[in-house]
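In what follows, a structure is listed as structure tokens, so that the remarks can point back to it.
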Amino acid sequence: MTALINLVYLISVSLFIVGLQRLSSPKTASSGNLIAALGMGLGVLIALFAPMESGDDNYLIIIGALVFGGGIGLVVAGKVLMTKMPEMVSLFNGLGGACALLISIAELLNFHDSGTIELAPYLTTLLALLIGSIAFTGSLVAYGKLSGNIKDSWKLPRANMINMVLLLTLIAASVYQLQVLDTMDLVYIIMILSLIYGITFVLNVGGADMPVIISILNALTGVSAALAGIIYDNMIMLMGGILVGSSGAILTLLMCRAMNRSLLNVLAGGFGGTSSGAVQVGDQMVKEVNIMDASIMLRYSTNVVIVPGYGMAVAQAQKICKELEDLLEEVEVNVRYAIHPVAGRMPGHMNVLLAEADVDYSKLLDLEDANKFLKDTDVTIVVGANDVVNPSALDDPGSPIYGMPILEILKGKHVIVLKRGMSSGYSGIENPLFFHEKTSMLFGDAKKSLNSLLDELKTIV
Amino acid sequence: MNLIIEILTYHLTILFALIMAIFLGFELISKVPTVLHTPLMSGANAISGVVIIGAIILVRSSGSEDYVSLALGSLAILLGTINVVGGHAVTNRMLQMFRKK
């Protein structure tokens, strides 16, 4: 029996690894996810039926919770809009953190009940509690910010100091608890402080930095799962947790690099608002373009690039972009999409939306390829992107985003910016692109503007 | 110092596995293309729900009168299962869109 269980164990871990490996190509990715899910299923089966030394099994409760939770998960996952993906992922992530938090508390209680406490497993459990709690409330705040329930303007004064004090107190309290180990009282305080830290550390991060934060929270949940794996000496949990931790860590680094900022700088939330050196553009004039001129420009182009941003997600304009692409391709205009790594609110956000609209992924250019292609581009259409096309990043050392790699759309011949109004972007930084001689503005809701463009184009192709 | 020695003796095998897993993780994930970052994240998210295995072990090893453990454990299973099932399902939905082409 034990041999069989160990065998299934090994298979389950291997399935996780193979599953993640298959995620490296769009063609095999779908099966990769199912294989990983199968690995998870096997892991759960072993946990359910492996013989236990003690305990009453309590199957009724377990099966009930599994069925109920699974049902909720399926319903929610089936309903959510693709544009709401960042919120959804944050929320699910928070639940994973909560799960780690709950079992850590229960295990710590068991330690204290049993009378004899071994330091090593106690420390691991305490860490799992700490990290799980931070991931839990952090993800909930991220969810709140992404769904708009928590306004971006709600900021803590002196947040950096508060965070630092909280973190130091947490470490000190944990070290002290490991020395005395007498009661659970301090453990509850550590839990509450961790929960508060989760809130304060995400609250001040700007909306445009969300891709970094979601990645960090993802990594934290992975680490708390891996720690829980050490507690139960369970290789599946350890492996799963570490794979998630690595994925979160790598994405965090990629996102920071894409913004040319250090992780500390992102966490300090110092982006925007305080843009002391930003160009004063109050009096400059913008040039507007009408639908007819814009469609004629597009019709007689050779290469057109669409730059999507969070605005495209908000306006749900991905499908209409695809229709525009189809119409232009019919008259032999090449259409490509230039996607900045931090466009949107989570890594790869724009890719998913465009995939939903059936855009072929070979037409999606990453930063490097896009900047090569942009040299030969006749018209670039900016759909709800702002900071990722801000030329201040290249030539204005006073700008807060100076040095961030951007999509250099001014290398092309013309730029059309679809925008609601003249407000500055999410980060609050002025964008000289709007006043550039190559740029024409098309004001209004992105989806409506694209629709009228499409109607107009249909009359001339 | 004693703590470090204790950790090393207590968890040696799993620490080996931990180190291997970290390298493997970095190796596997760095191959994932930008296009797939969102599904990667939500898939990884679902996988981080493996903590439900711990929650299941917790509930099974508790006595049927140990209400605190049972309450904490079953809530953990419930939340974790939403994460696992919902995460894999939503990842599947996304990846279906990528597979069409």
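Throughout, a chain's letter reflects where its sequence line sits, starting with A, and its residues are numbered from 1.
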Flag yes if more than 12 heavy atoms outside A:L60 fall under 6.0 Å of its CG atom; otherwise flag no. no
Between B:T38 and A:P347, is there a donor-acceptor pair closer than 3.5 Å when you use the side chain of the first and the backbone of the second? yes
Backbone N or O of A:S139 within a donor-acceptor pair of the A:S90 side chain at under 3.5 Å? no
Under a 4.5 Å heavy-atom cutoff, which of B:I52, B:L70, B:L8 has the most pairs with chain A? B:L70
Does any heavy atom of chain B fall under 4.5 Å from the side chain of A:P341, the backbone, both, or neither of them? neither
What part of A:A128 gets within 4.5 angstrom of chain B, counting heavy atoms only: side chain, backbone, both, or neither? neither
Between B:R93 and A:G78 (side chain of the first, backbone of the second, donor and acceptor by atom type, cut-off under 3.5 Å), is there such a pair? yes
Proximal component of A:L119, with respect to chain B [non-hydrogen, under 4.5 Å]: both
Strictly distance-based, threshold 3.5 Å: is any side-chain N or O of A:D56 a donor or acceptor partner for the main-chain N or O of A:N58? no
With a 4.5 angstrom heavy-atom cut-off, is it the side chain or the backbone of A:E53 that approaches chain B, or both, or neither? neither
N/O donor-acceptor pair under 3.5 Å between A:N93 side chain and A:L217 backbone: yes
Pick one of side chain, backbone, both or neither for B:I14, based on which atoms fall under 4.5 Å of a heavy atom in chain A. both
Counting heavy-atom pairs closer than 4.5 Å to chain B, which one of A:G222, A:S247, A:G240, A:A106 comes out on top? A:S247
Portion of A:L123 that has a non-hydrogen atom of chain B nearer than 4.5 angstrom: side chain
Of the backbone (N, CA, C, O) and the side chain (C-beta and beyond), which part of A:L102 lies under 4.5 Å from a heavy atom of chain B, both, or neither? both
Winner by heavy-atom pair count (cut-off under 4.5 Å) against chain A, out of B:V68, B:L78, B:L24, B:V84: B:L78
With a 4.5 angstrom heavy-atom cut-off, which part of A:F68 approaches chain B: side chain, backbone, both or neither? both
Counting heavy-atom pairs under 4.5 Å with chain A, the top scorer among B:G43, B:G73, B:G63 is B:G63
With a 4.5 angstrom heavy-atom cut-off, could you sort out which part of A:S362 is near chain B: side chain, backbone, both or neither? neither
In terms of relative ring orientation, are A:F49 and A:Y59 parallel, tilted or perpendicular, with 30° and 60° separating the classes? tilted
Atom group of A:L109 that falls short of 4.5 Å from chain B, counting heavy atoms: side chain
More than 12 foreign heavy atoms under 6.0 Å from CE of A:M52: is that the case here? yes
Whether over 12 other heavy atoms sit under 6.0 Å from A:K84 NZ: no
Chain B heavy atoms under 4.5 Å from A:L91: which part of the residue, side chain, backbone, both or neither? neither
Please classify the contact of B:V59 with chain A as side chain, backbone, both or neither, using a heavy-atom distance under 4.5 Å. both
Determine whether a donor-acceptor pair (N or O, by modelled atom type, separation under 3.5 Å) exists between the side chain of A:S215 and the backbone of A:P211. yes
Are the aromatic rings of A:F92 and B:H88 close, with centres under 6.0 Å apart? no
Please flag which part of A:A228 lies under 4.5 Å from any non-hydrogen atom of chain B: side chain, backbone, both or neither. side chain
Mind ranking B:N45, B:L40, B:T34 by heavy-atom pairs under 4.5 Å with chain A and telling me who comes out on top? B:N45
Given heavy-atom pairs under 4.5 angstrom as the criterion, report whether the side chain, backbone, both or neither of B:A17 touches chain A. both
Taking side chain as everything from C-beta outward and backbone as N, CA, C, O, which of these in A:D233 sits under 4.5 Å from a heavy atom of chain B? Side chain, backbone, both or neither. both
Under 4.5 Å from any heavy atom of chain B - which part of A:L238: side chain
Exercise: do A:Y337 and A:N351 side chains pair donor with acceptor under 3.5 Å: no
Among B:S64, B:A89, B:P39, B:G80, which residue forms the greatest number of heavy-atom pairs with chain A at distances under 4.5 Å? B:S64
Counting only heavy atoms closer than 4.5 Å, note whether B:L28 contacts chain A via side chain, backbone, both or neither. side chain
Picking from B:D66, B:I22, B:V32, B:V35, which has the most non-hydrogen pairs under 4.5 angstrom with chain A? B:V35
Can a donor-acceptor pair be found, under 3.5 Å and without considering hydrogens, that links the side chain of B:R60 to the backbone of A:I62? no
Contacting moiety of A:V44, where chain B heavy atoms sit under 4.5 Å: both
